[in-house]
Amino acid sequence: TIRKQSEEEIRKLSRAVETSPAGILLATLDGTITYVNPGLVKMGQYSSQADFTGKNIYEFTNDTGQKILSTEIMPALTRGEMWSGETKVK
């Protein structure tokens with residue numbers, strides 16, 4: 001059925017995010033981190049996802065990253081657009 005196919009697709013995407021070596025982060029529009037994948041935890045050499053969750057994204061970026069957040073990422077997200085790119089984690 002369509003529902004089962006949709007559920008399987010969600011499971012595949014979830015596994016891809018969870019096993020990706022690339023860092024993936026989800027945050028609210030005010031910058032509060034709601035999710036990071038294990039790849040981001042490893043990249044930043046943190047101990048767990050809890051080190052990020054509930055904190056502000058700006059806490060984990062350097063000056064260059066903060067400029068990208070302010071001038072590219074947050075404006076795109078506020079407009080309802082996606083942003084794709086790279087920044088560094090402190």
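Index from 1, following the sequence. Here the structure is a predicted model, which means the values were calculated and not measured.
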(message) Tell me whether Arg3 at atom CZ has more than 12 heavy atoms from other residues, nucleotides or ligands lying less than 6.0 Å away.
(response) no

(request) Would you confirm whether Ser14, through its side chain, and Ile10, through its main-chain N or O, come within 3.5 Å as a donor-acceptor pair? (result) no

(message) Please give me the minimum heavy-atom distance between Met74 and Leu29, naming the atom from each residue.
(response) CE-O, 2.7 Å

Could you list the donor-acceptor pairs under 3.5 angstrom formed by side chains in residues 33-40, with sequence neighbours left out?
from: Thr34; atom 1: OG1; to: Leu26; atom 2: O; distance (Å): 3.2
from: Tyr35; atom 1: OH; to: Glu18; atom 2: OE2; distance (Å): 2.2
from: Asn37; atom 1: OD1; to: Ile24; atom 2: N; distance (Å): 2.8
from: Asn37; atom 1: OD1; to: Leu40; atom 2: N; distance (Å): 3.1
from: Asn37; atom 1: ND2; to: Val17; atom 2: O; distance (Å): 3.0
from: Asn37; atom 1: ND2; to: Ala22; atom 2: O; distance (Å): 2.9

(message) Testing the basics here: between Thr32 and Asp30, what is the closest heavy-atom pair and its distance to 0.1 Å?
(response) OG1-OD1, 2.9 Å

(message) Under a 4.0 Å threshold between the charged nitrogen and the carboxylate oxygen, would Glu7 count as salt-bridged to Lys4?
(response) no

(message) So, taking the atom named CD in Glu72 and the one named CG in Leu77, what distance separates them when rounded to the nearest 0.5 Å?
(response) 11.0 Å

(message) Donor-acceptor check, side chain of Asp51 to backbone of Gln45, threshold 3.5 angstrom: yes or no?
(response) no

(request) Answer whether the closest heavy-atom distance between the side chains of Ile68 and Trp83 falls below 4.5 Å. (result) yes

(request) Side-chain contact test, heavy atoms from C-beta onward, threshold under 4.5 Å: evaluate it for Thr87 versus Leu69 and give yes or no. (result) no

(request) Look at atom NZ of Lys67 and say whether more than 12 heavy atoms of other residues, nucleotides or ligands are closer to it than 6.0 Å. (result) no

(request) Count the heavy atoms belonging to other residues, nucleotides or ligands that lie under 6.0 Å from CD of Glu81, then report whether that count exceeds 12. (result) yes

